[in-house]
Engineer: 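One structure, pasted below without further comment.
Convention: sequence-line order gives letters A, B, ...; per-chain numbering from 1.
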Number of protein chains: 2
Amino acid sequence: MATGSRVSSPRTSVWLSERPAPRRKTDQQPDGLDRVKIVAASVRLLDAEGLAKFSMRRLAAELGVTAMSVYWYVDTKDDLLELALDTVMGEIALPPEAVEPAAALAHPFPAGQRDWREQLRQLAGEYRKLIVRHPWLSPLTGEYLNIGPNAMAFAHAAMRVMRNSGLPDDKVPGALSLVYQFVYGYSTIEGRFGARCRAAGVSEDVFYRQVMDTIAGRPEFDESRAIAEARGGDTVAEMRARDFAVALDCAIAGIEALRNG
Amino acid sequence: MATGSRVSSPRTSVWLSERPAPRRKTDQQPDGLDRVKIVAASVRLLDAEGLAKFSMRRLAAELGVTAMSVYWYVDTKDDLLELALDTVMGEIALPPEAVEPAAALAHPFPAGQRDWREQLRQLAGEYRKLIVRHPWLSPLTGEYLNIGPNAMAFAHAAMRVMRNSGLPDDKVPGALSLVYQFVYGYSTIEGRFGARCRAAGVSEDVFYRQVMDTIAGRPEFDESRAIAEARGGDTVAEMRARDFAVALDCAIAGIEALRNG
DNA sequence: ACCTGAACACCGTTCAAGT
DNA sequence: ACCTGAACACCGTTCAAGT
């Protein structure tokens with residue numbers, strides 16, 4: 001209730017809390033707990049066992065400590081998950097053209113930089129891989145404000161790339177949403193499907209075959225089957241790659257049309 | 001383990017279970033429990049209190065019954081949520097041109113029907129409104145296979161509309177993903193933001209103002225602010241409507257380009 | 001400053017028992 | 001056929017107490 005940096009009365013995000021992370025003196029027993037260690041262990045557990053099985057008690061056991069020790073470093077489970085979320089967002093490799101802040105504002109088209117289409121495809125591909133690699137990330141992205149430093153750097157880079165397309169500024173948010181939300185939704189489904197198959201102990205291709213066999217005799221799926229055949233692709237991974245590429249092509253073609261028209 | 005209609009060993013969806021929903025004789029005390037009643041009460045509770053607060057015990061209390069009675073009609077909480085999910089999917093008004101199955105396959109362009117762009121915008125708008133109206137729906141859509149009858153009808157309608165654009169069949173899945181996942185992601189954020197504001201007791205416009213004030217003095221947000229000003233819009237609702245329209249315009253322009261090029 | 005143990009108010013679900 | 005009560009194995013979090 002002091003500085004006014006908080007945005008609304010109920011706590012909305014770790015990143016808006018006034019109190020900084022507790023610091024420990026540098027020279028202390030190195031086997032002690034630590035915010036960084038806690039978050040790293042959380043990411044490890046989330047990757048290995050999924051969001052549903054992640055609990056403060058499970059985490060504490062992993063750290064060889066009692067459940068309540070963690071609460072010295074973190075206020076709530078939600079805060080911890082927000083920290084884990086932003087930590088993995090740092091794994092995204094940003095296009096170098098999109099990271100310097102001041103230059104881009106003054107000169108939207110620095111000479112010699114790669115085409116904006118390439119940059120956009122790189123960002124989209126990176127984000128997709130991230131979400132598929134960490135399937136627990138999707139629900140958290142939807143749940144929290146996602147305003148940590150790494151998430152912000154990513155959002156800014158995406159915005160710069162979109163401006164580099166030459167699209168008028170008033171259309172940038174809409175076009176950005178189109179691409180960003182597509183990648184998010186697409187990769188979420190992809191990641192969940194993979195996790196589901198792993199849990200069931202079936203390969204993605206086998207599972208896909210089974211689904212196709214299930215709808216084999218049903219005429220109401222004739223159109224879907226025709227579409228699937230037209231697209232082709234021998235493996236699920238291949239089909240996914242094609243659809244993803246077509247969708248990005250479509251968005252990019254749309255951006256070019258809006259820019260020129 | 002009998003008919004082969006199940007897709008993998010662990011139960012993946014209510015809709016793939018062999019055993020039909022328990023039936024009660026028609027003439028029985030009308031105040032008894034019922035699958036339909038249970039699902040309806042679930043939807044009511046989910047709308048009122050959100051997914052996080054929804055529990056079997058809470059639901060049972062609402063129905064004036066003990067927690068375990070519900071388990072007579074439903075195997076697990078997950079199954080119940082899947083049923084609730086598909087139930088509200090039925091609220092979507094499908095474009096009449098996209099519901100008859102056989103005609104569309106034979107004649108992709110029946111005379112006198114509305115433009116495919118209009119149909120696509122209607123579907124997108126309907127889905128957006130649904131997700132914003134029921135914010136609990138988004139996480140469930142991500143979590144389950146979403147293959148209930150109403151979800152399937154919606155997916156088929158969307159596919160027909162996309163085919164009506166004249167896009168070659170091999171590009172239909174990609175273009176469909178672009179639009180569908182965009183609407184899903186966009187509406188999810190919109191719905192969560194609304195729910196968050198309601199929980200905090202702040203109007204969306206006030207909250208937005210506060211965020212803008214928070215980043216007022218920070219130069220790293222200069223570009224974001226410039227973009228926001230270029231877009232204009234006096235209220236959050238207005239800005240959202242504009243961005244949504246621009247994104248759809250962009251996707252539609254992209255579809256036209258892929259179709260012609 | 002950091003960590004523990006016991007306790008509170010919850011969960012989903014199983015299972016034997018009632019009518 | 002339908003519903004209940006007690007119980008099991010969990011949760012996140014508070015709080016007083018230890019060192």
Engineer: Let me know the distance between CZ of Arg35(B) and P of dC2(D), rounded to the nearest Å.
Structural biologist: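 Nearest whole value for this atom pair: 13 Å.
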Engineer: Can you list the residues that meet the ring pair (Phe, Tyr, Trp, His ring centres under 6.0 Å) rule with Tyr184(B), with sequence neighbours excluded?
Structural biologist: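 Applying ring pair (Phe, Tyr, Trp, His ring centres under 6.0 Å) to Tyr184(B) gives none.
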Engineer: Ion pair present between Arg209(A) and Asp205(A), side-chain N to carboxylate O less than 4.0 angstrom?
Structural biologist: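 No, no charged N to carboxylate O under 4.0 Å.
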Engineer: Where along residues 80-87 of chain A does a heavy atom fall under 4.0 Å from DNA chain D?
Structural biologist: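 DNA chain D contact set from residues 80-87 of chain A: none.
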Engineer: Not counting sequence neighbours, which residues clear side-chain hydrogen bond (donor to acceptor under 3.5 Å, both in side chains) with Arg57(B)? List them please.
Structural biologist: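 Once residues adjacent in sequence are excluded, Arg57(B) has no partner under the side-chain hydrogen bond (donor to acceptor under 3.5 Å, both in side chains) criterion.
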Engineer: Of all residues at least two apart in sequence or in a different chain, which pass the ring pair (Phe, Tyr, Trp, His ring centres under 6.0 Å) check with Tyr208(A)?
Structural biologist: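 In terms of ring pair (Phe, Tyr, Trp, His ring centres under 6.0 Å), with neighbours along the sequence ignored, Tyr208(A) is linked to no residue.
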Engineer: Check the phosphate of dT4(C) against Ser69(A), side-chain N and O only, distance under 4.0 Å to OP1 or OP2. Yes or no?
Structural biologist: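 Answer yes for this pair, as a side-chain N or O of Ser69(A) is under 4.0 Å from OP1 or OP2.
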Engineer: Rounded to the nearest angstrom, tell me the gap between atom CG in Asp34(A) and atom P in dC2(C).
Structural biologist: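 Interatomic distance, CG of Asp34(A) to P of dC2(C): 10 Å.
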Engineer: Name all residues meeting the side-chain hydrogen bond (donor to acceptor under 3.5 Å, both in side chains) criterion together with His134(B); count only those two or more places apart in sequence or in a different chain, and write none if there are none.
Structural biologist: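 Per chain and number, His134(B) pairs via side-chain hydrogen bond (donor to acceptor under 3.5 Å, both in side chains) with Asp47(B), Glu91(B).
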Engineer: Between Leu51(B) (CG) and dC11(C) (C1'), how many Å, whole number?
Structural biologist: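 To the nearest whole Å, that distance equals 14 Å.
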Engineer: Report the residues that fulfil ring pair (Phe, Tyr, Trp, His ring centres under 6.0 Å) with Phe54(A), sequence neighbours left out, ordered by chain and then residue number.
Structural biologist: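 Partners of Phe54(A) by the ring pair (Phe, Tyr, Trp, His ring centres under 6.0 Å) criterion come out as none, since no residue qualifies.
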Engineer: To the nearest angstrom, how far is Lys53(B) atom NZ from dC10(C) atom C1'?
Structural biologist: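 It works out to 13 Å between those atoms.
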Engineer: Please give, in whole Å, the distance from dC2(D) P to Ile38(B) CD1?
Structural biologist: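 Result: 11 Å.
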Engineer: Please answer whether the main-chain N or O of Ala93(B) pairs with a side-chain N or O of Gln122(B) as donor and acceptor at a distance below 3.5 Å.
Structural biologist: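 Judged by distance alone, yes, a pair lies under 3.5 Å.
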Engineer: Using side-chain hydrogen bond (donor to acceptor under 3.5 Å, both in side chains) as the criterion, list what pairs up with Arg128(A), not counting sequence neighbours.
Structural biologist: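 With neighbours one apart ignored, the set is Glu190(A).
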Engineer: Does Trp72(B) put a side-chain nitrogen or oxygen below 4.0 Å from OP1 or OP2 of dC3(D)?
Structural biologist: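 So the side chain of Trp72(B) is outside the cut-off, no N or O lying under 4.0 Å from OP1 or OP2 of dC3(D).
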Engineer: Partners of Asp79(B) by side-chain hydrogen bond (donor to acceptor under 3.5 Å, both in side chains), sequence neighbours excluded?
Structural biologist: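 Here the qualifying residues are Arg11(B).
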Engineer: Can you tell me which stems involve DNA chain D, if a stem is defined as three or more consecutive Watson-Crick or G-U wobble pairs, both distances under 3.5 Å?
Structural biologist: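 C:4-8 with D:12-16, C:12-16 with D:4-8 - these are the stems of 3 or more pairs that involve DNA chain D.
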Engineer: Looking at residues at least two apart in the chain, or sitting in another chain, which of them share a ring pair (Phe, Tyr, Trp, His ring centres under 6.0 Å) with Tyr127(A)?
Structural biologist: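 Testing Tyr127(A) for ring pair (Phe, Tyr, Trp, His ring centres under 6.0 Å), a comparison that skips the adjacent residues, returns Phe154(A), Tyr180(A).
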Engineer: Which nucleotides of nucleotides 12-19 of chain C have their base under 4.0 Å from a protein heavy atom (B), which only their sugar-phosphate (S), and which neither (-), written as one string 5' to 3'?
Structural biologist: BBB-----
Engineer: Taking only residues two or more places apart in sequence or in another chain, which ones pass side-chain contact (heavy atoms from CB on, under 4.5 Å) with Ile215(A)?
Structural biologist: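 Checked Ile215(A) against side-chain contact (heavy atoms from CB on, under 4.5 Å); matches are Met212(A), Phe221(A), Arg225(A).
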